[in-house]
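Atoms within each ligand, like the ligands themselves, are counted from 1 in listed order.
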Amino acid sequence: MECIQNITKELIFVGTSDRRMALFENVYPIPTGVSYNSYLLLDEQTVLFDTVDRSVADQFYANVAAALDGRTLDFVIIQHMEPDHCASLEGLLLRYPNLTIVCNAKTVTMMKQFFPSCDFENNCYVVKEGDILAVGKHTLTFVMAPMVHWPEVMVTYDTTDKILFSADAFGGFGALSGNLFADEADLTSGYMDEMRRYYTNIVGKYGTQVQTLLKKAAGIDIRMICPLHGLIWRTGLGDLIDKYTHWATYTPEENGVVIAYASVYGGTENTVNILASKLAERGVKRIRMFDVSVTHPSYIVAEAFRCSHLVFASTTYNAGIFVNMENLLHDLAAHNFQNRTVAFIENGTWAPTAGKLMREIIGGLKGVTVLDETLTVRSALHPSQKESLEIMADAIAAGLTQTVEETVAPANANLNPAAMFKLSYGLFLLSAKDKGKDNACIINTVTQLTDIPKRVSVAVNKSNLTHDMILSDGRFNVSVLTESVPFDFFKQYGFQSGRLLDKFEGQDGIVRAENGILYTTKYANAYLSCTVIATVDCGTHTLFIASVDAAEVLSDEPSVTYAYYFAHIKPRPQPAPEKKTGYVCKICGYVYEGESLPEDFICPLCKHGVEDFEKL
Ligand code: FEO
């Protein structure tokens with residue numbers, strides 16, 4: 001008996017879930033099961049997006065037949081040749097022998113390997129990047145996505161309904177239980193934990209390739225994402241892509257500490273318990289502890305991708321690292337673990353070696369900072385070593401800035417946020433350079449502080465790459481924007497992340513100042529080159545106080561103000577054609593769907609807070 005559901009009028013979910021399997025890919029525990037998604041498009045011609053795993057094939061065949069309702073199947077698009085999605089291809093061809101298989105050249109090669117006794121070649125229609133398939137009302141465009149997660153992977157964009165069929169990307173562990181769609185709550189729910197675990201363990205190694213796909217996706221209007229595992233996304237897409245951007249660029253999602261430990265008789269465990277309590281005493285809220293002998297490494301890898309700091313503590317075993325810890329560390333290295341701060345604790349009753357060996361595996365990974373010396377415990381922590389733990393806790397806590405909860409403003413009946421809109425601002429392009437990379441963002445916070453000597457301040461959101469670059473390099477340029485600046489300029493520099501692209505590429509009027517940092521001469525009437533002399537942590541932002549080293553007037557055109565931008569440059573947000581309940585960002589037009597806007601919500605596109613949203 002079939003079990004199918006409509007996603008749109010013409011698109012039907014024909015996949016199904018497996019709750020019996022213990023280990024996905026025979027490696028990863030899936031206590032909540034896994035879904036194998038397949039979608040059938042009923043147009044003038046019928047199109048199936050991928051098949052399913054062998055274990056659920058019978059249900060799948062019944063679903064396809066029921067959804068077709070007597071029609072024949074014209075096309076199956078094979079986006080990913082891994083058997084969890086294509087094992088049912090042979091059975092499908094037996095049922096629909098005139099079926100055309102739409103795939104790329106690499107898929108054909110794999111098809112012959114997986115099904116050596118079948119001759120599929122006469123059924124194949126080979127496509128490449130940008131090719132389209134018109135099947136009636138719907139036009140499908142094929143986009144290659146190599147190594148997300150295998151080399152033959154491609155995704156498909158339905159330009160008619162603006163649906164991205166994303167293959168493994170945006171998938172997650174967990175069987176589907178009736179409801180096919182994710183909602184905003186799933187961005188922070190246990191489902192997101194399983195999405196993160198799926199991403200980091202399955203695709204985590206291929207961050208560069210995922211970034212390439214995200215760049216391609218940034219150029220298209222996506223209203224719905226249909227992955228091959230897990231929930232379908234049609235809301236919160238900006239936040240979802242923001243998660244993927246963090247994961248693909250190996251950027252921590254949050255300031256927090258993962259403590260992974262291997263302990264045989266409790267001495268190591270006791271040591272990390274004391275460390276955790278000392279971190280808590282210092283105000284660190286997000287501390288996650290894992291006994292590597294108890295927790296499967298896939299969960300710890302996922303948390304390692306989430307958090308900024310990690311502590312690895314291992315007893316010495318067979319003159320090496322305890323086996324489960326060694327496995328975890330190699331697993332992290334294999335998944336391209338990088339850009340984190342780590343500390344090591346070793347234990348050894350007669351010849352401790354685990355610390356040195358752990359450091360050899362993790363210490364040399366890209367962007368990994370190792371804190372101070374390894375703490376060596378001899379059987380059990382000696383009272384004299386408490387001071388060493390205090391120092392380690394100090395070093396870790398010092399690297400953790402305020403948590404999101406701490407930055408949420410308490411309700412204040414005497415504070416009308418609308419009053420803040422009466423302040424006047426200019427608009428500026430803030431540019432920086434660090435480790436050979438150029439980047440810039442739009443800000444409205446440049447203020448002259450003193451005339452002799454000439455000093456300015458700029459406040460920059462901590463989530464901006466430009467912020468991190470200024471913090472690292474200590475210098476920046478400011479271009480004062482003029483009233484002729486078009487909205488596209490704000491889209492170019494303000495609504496996308498420099499972690500994914502070179503914002504200056506292809507832009508006119510870009511000049512490198514004497515300090516080596518780029519600035520724009522187009523749409524600007526002046527520029528300043530500055531050196532940071534002090535910073536103030538303001539929670540969500542850092543205030544940089546800087547001396548002005550160089551400055552020049554570029555034109556006499558009036559400077560653009562925030563008020564002018566709203567009145568003359570920013571297009572009015574276009575409400576979606578269907579009636580929506582939600583809030584629209586007055587800065588960039590991003591729409592948050594939902595009855596109420598969380599008070600700590602930050603626009604995923606332009607990073608403005610709730611005060612810049614208005615009800616639809
Ligand atoms: Fe879900 Fe890479 O297969």
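For atom 2 (Fe) of ligand 1, the neighbouring protein N/O/S atoms at less than 2.8 Å, given as residue and atom, are H80 NE2, E82 OE1, H149 ND1, D168 OD2.
With respect to the salt-bridge test (charged N to carboxylate O, under 4.0 angstrom), the residues K112 and E121 qualify. Under the 4.0 Å criterion applied to side-chain N and carboxylate O atoms, R196 and E254 are not assigned as salt-bridge partners. A salt bridge does not link D69 with R71: none of the charged nitrogens is closer than 4.0 Å to a carboxylate oxygen.
Aromatic ring orientation, H149 versus Y206: tilted (interplanar angle from 30° to 60°). Using bins of under 30°, 30° to 60° and over 60° for the plane-to-plane angle, the ring pair H80/W150 lands in the perpendicular bin.
With rounding to the nearest 0.5 Å, the separation of CE in M21 from CG in D53 is 5.0 Å.
Atom NE2 is the N/O/S atom of H229 found closest to atom 1 (Fe) of ligand 1.
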